[in-house]
Amino acid sequence: MTTMSTLSTTPAATTRAPGGKTNGTRRRSVLVTVLRSVLVVFFAFPILFMLVSSLKPDLQIFADLGSWRAFLPVGDVSLDNYIGVFDRVPFGQFILNSIVISGVTVALGILVNSMAAFALARLRWRGRGVVLSLILATLIVPFETLALPLLWWVNKLPSLEADGFSLAFKQGWLDTYQVQIIPFVANAFSVYLFYQYFDSIPRELDEAARMDGAGWFAIYRKVVMPLSGPAIATVAILTFLPAWNSYLWPLMVVQSEELRPVMIGLQYFFQMNISWGQVMAYSSLITIPVVALFLAFQRSFINSIASSGVKG
Amino acid sequence: MISPALALFLLFLIVPIVLAFALAFTNARLISPRPPEFIGLDNFALLLTDPVFWASVRNTFYFAVVVVPVQAGLALVLAVLVNAKVRGTQFFRTIYFLPVVTSMVVVSLLWRFMYQPDGLINRFLEAVTFGGFTGIDWLNDPTWAMPAIMLMSVWQGVGFTMIIWLSGLQTIPAELYEASELDGAGTWHQFRYVTWPGLLQTRTFILVTITIAAFSLFTQINVMTQGGPLDSTTTVVYQAVRSGYQQLQTGYASAISLAFFAMVLAVSLIQRYLSRERG
């Protein structure tokens, strides 16, 4: 089975006797619908509450808590909290930082990991089996194990800094964009996903391209990658989500306001602020784009998550 | 073509792994003019006698022991419900999945708001008990802080687990269900003898990944309680960050990281072994 198998939305689990529903299956489907609906309330109410509260002044939020009004955009509804967010912190800068950091991590991640996977799946060289198993073995090490030694290490690395027109080395990567990007570019799981996918592309295509005089890099760029849309989408989503949501790492490596990503910005905004309405507005602002992306590319999102289950 | 990836793996994966082992035996500090000195097992000796570290280990296990079965179980119920042939499957799946695409920092602040003494949860409980319930200060009560964080974490993570169960469910051939239906098997029998054995692989994977995720508990703690009240919610990763970042003690933090890694490794080996035996 390849990792990219699609999750069908038409289920295979229950089959119904031909010729109409029996009483039993009808009762069962009523039960299923009721249970599903109760669970919808459980999963949706906090998010609804966040969105609704972001539109109300604090006094009204607390006045509405005891009734259904807590979940309805009624009363003194306005965008004041949103205006407040932009007034009090450089929110535009935070979101730009997060877009740059996650965008560059995704782009470099696709390039670097697919090239590595191509070399492992397509080129013949000594030791590639060993390299592949070593890369897979690192999947068991959670980032949290490495975070503190890595923090010490990046503080020792030299970085090239542009000072006007002259370039100079300074010690330490702390408080830069690169420290939020470069350590997360190479990813063992992405290599694995690409490797699996490349393995399923017929090798005859390589042969044909080589007959036409194409080199390995041309085969990678013009034959294999154009056929790998689903793998690229999966890796993009599985890289984007943690990069956008990243918290532990930027918490330790970013000090300056102008380098702060949205999640650290939110924590900082919360600490300087006692207006829950504004905190909910900030939260909504960083949640809505991701939810919109999810709704637009739902099938790819679900398939990416599902494919992460294949590594076991 | 593989060299960029290998260089990055070397710099940001292999070197930190080696450093975790090496620095744990030194007095390395994050910012220090002096190079680290070898101090043998001192960090580990300190660790074993540190009551806060032991509290963090207890809390981490407490969190995992509750969250792993609850999240895996609830997710399986959701997956079976979503997989059933009833209208609106996609809508329900979408809603259950929404918390997964919401960042944990947002979720933690949102629930911190709802857990306020005069917040939504208390007001709701007061309303449904007609005032019989007196509010709890959830996050400032040593008994309730951890369960409150557990509930929230399950709420956020269960959609992810549901999708993985679902992909497992859909690998079970429909003929098996048809055959068992012809044999007159009821819903429960079908689940017990067709679905459950068919999910062996998925089960192992889910248990290992949720357990490791549960062990890594950090964001919720840092946003909601900072380990309090009375160290009742401090966790191993939270302690590692506290000593390695706030107190600049990289050496000691590396020792905690190694202890954490040992926990992760042990659990995944045990779970792999157990599910192989039963299969």
Side-chain angles (χ1 to χ4, degrees), chain A residues 7-9 11-15 29 32-33 35-36 39-40 43-44 46-47 49-50 62 65-66 70 112-113 115-116 118-119 138 140-142 144-146 148-153 155 183 185-186 191 245 247-248 252 263 266-267 270 276 279 283 286-287 290-291 294 302 305-306 309 312, chain B residues 1-2 4-5 8-9 12-13 15-16 19-20 23 28 30 81 83-86 89-90 92 95-96 98-99 101-106 109-110 113 120 123 127 160 163-164 166-167 169-170 174 177-178 181 201 204-205 212 216 218-219 223 237 240 244-245 250 253-254 257 260-261 264 268:
Chain A
L7 264 184
S8 66
T9 40
T14 51
T15 48
S29 79
V32 165
T33 306
L35 259 177
R36 281 174 162 189
L39 286 161
V40 159
F43 286 102
I47 293 173
F49 177 61
M50 171 179 88
F62 281 99
L65 280 184
V112 165
N113 296 310
M115 278 169 50
F118 183 83
T138 63
I140 198 178
V141 185
E144 286 79 2
T145 323
L146 304 180
L148 279 311
L150 184 61
L151 177 66
W152 184 86
W153 173 233
N155 192 34
V185 168
V191 172
N245 292 332
Y247 176 70
L248 166 64
M252 299 193 293
M263 297 308 158
L266 173 56
Q267 161 111 354
F270 171 71
W276 279 106
V279 171
S283 301
I286 57 177
T287 305
V290 185
V291 170
F294 164 61
I302 301 282
I305 304 290
Chain B
M1 288 183 94
I2 199 174
L8 290 170
F9 279 131
F12 299 110
L13 194 63
V15 168
L19 281 176
L23 293 174
L30 182 58
L81 282 177
N83 205 34
K85 233 183 189 172
V86 179
T89 288
Q90 179 144 20
F92 291 105
I95 299 288
Y96 301 158
L98 274 186
V101 291
T102 311
S103 112
M104 193 49 110
V105 181
V106 167
L109 278 174
L110 172 58
F113 182 29
L120 187 68
R123 297 293 295 274
F160 186 96
I163 297 296
I164 298 182
L166 208 51
S167 66
L169 283 177
Q170 293 181 349
Y177 288 99
E178 282 156 23
E181 212 146 275
Q201 287 276 317
T204 312
F205 174 76
I212 293 177
S216 310
F218 172 78
T219 303
V223 175
V237 174
Y245 170 63
T250 301
S254 299
S257 302
F260 171 67
F261 184 56
V264 168
S268 51

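All of these numbers come straight from a predicted model, not from anything done at the bench. Computed from heavy atoms alone, side chains included, the values below leave out hydrogens, waters and symmetry copies. Order of the sequence lines fixes the chain letters, A, B, ..., with proteins taken first and strands second; residue numbering starts at 1 for each chain.
- Shortest non-hydrogen contact noted between B:Met1 and A:Met115 is O-CB, 3.4 Å.
- Heavy atoms closer than 4.5 Å to chain A are found in the side chain of B:Phe218, but not in its backbone.
- Heavy atoms only, all atoms of each residue included: B:Pro99 and A:Ile47 are closest at N-CD1, 4.2 Å.
- Counting heavy-atom pairs under 4.5 Å between each of B:Leu81, B:Thr250, B:Ile95, B:Leu8 and chain A puts B:Leu81 at the top.
- Contact check for A:Pro142 versus B:Phe261: side-chain heavy atoms found under the 4.5 Å cut-off.
- Here OG of B:Ser103 is found 7.0 Å from CG of A:Leu266. Values are rounded to the nearest 0.5 Å.
- Residues B:Tyr245 and A:Met252 come closest through the heavy atom pair CE1-O, 3.3 Å.
- Classification of the A:Phe62-B:Phe113 ring pair by plane angle, with boundaries at 30° and 60°, yields perpendicular.
- Among B:Leu110, B:Leu13, B:Thr102, B:Val237, the residue with the largest count of heavy-atom pairs under 4.5 Å with chain A is B:Leu110.
- Both the backbone and the side chain of B:Thr219 come within contact range of chain A, with heavy atoms under 4.5 Å apart.
- Both the backbone and the side chain of B:Leu98 come within contact range of chain A, each with at least one heavy atom under 4.5 Å from a heavy atom of that chain.
- Within the 4.5 Å cutoff, the side chain of A:Thr145 has no heavy atoms near those of the B:Val264 side chain.
- By the ring-ring contact (aromatic ring centres under 6.0 Å, His included) test, B:Tyr96 is found to be paired with A:Phe43, residues two or more places apart in sequence or in another chain being considered.
- By number of non-hydrogen pairs under 4.5 angstrom with chain A, the leading residue of B:Val223, B:Leu169, B:Ile212 is B:Val223.
- With a threshold of 4.5 angstrom between heavy atoms, A:Val112 approaches chain B through its backbone and through its side chain.
- For the pair A:Gln267/B:Leu109, no side-chain contact is recorded, criterion being any heavy-atom separation below 4.5 Å from C-beta on.
- Chosen from A:Thr33, A:Leu151, A:Val290, the residue pairing most often with chain B at heavy-atom distances under 4.5 Å is A:Leu151.
- Only the side chain of B:Ser268 comes within contact range of chain A, with heavy atoms under 4.5 Å apart.
- Within the 4.5 Å cutoff, no side-chain heavy atoms of B:Met104 are placed close to those of A:Tyr247.
- In this structure, chain B has a heavy atom under 4.5 Å from the side chain of A:Thr287, while its backbone stays farther away.
- Nearest heavy-atom pair, B:Leu30 versus A:Asn155, reported as atom, atom and distance to 0.1 Å: O-ND2, 3.2 Å.
- The nearest pair of heavy atoms linking A:Trp152 to B:Ala28 is NE1-CB, 4.0 Å.
- Residue B:Val101 touches chain A through both its backbone and its side chain, counting heavy-atom pairs closer than 4.5 Å.
- Here the straight-line distance linking atom CZ of B:Phe12 with atom CG of A:Leu150 works out to 7.0 Å at 0.5 Å rounding.
- Contact record, A:Glu144 with B:Phe260: CB-CE2, 3.7 Å, taken as the closest heavy-atom pair.
- Of the residues considered (A:Phe294, A:Phe270, A:Trp276, A:Trp153), A:Trp276 shows the highest number of contacts with chain B, using heavy-atom pairs under 4.5 Å.
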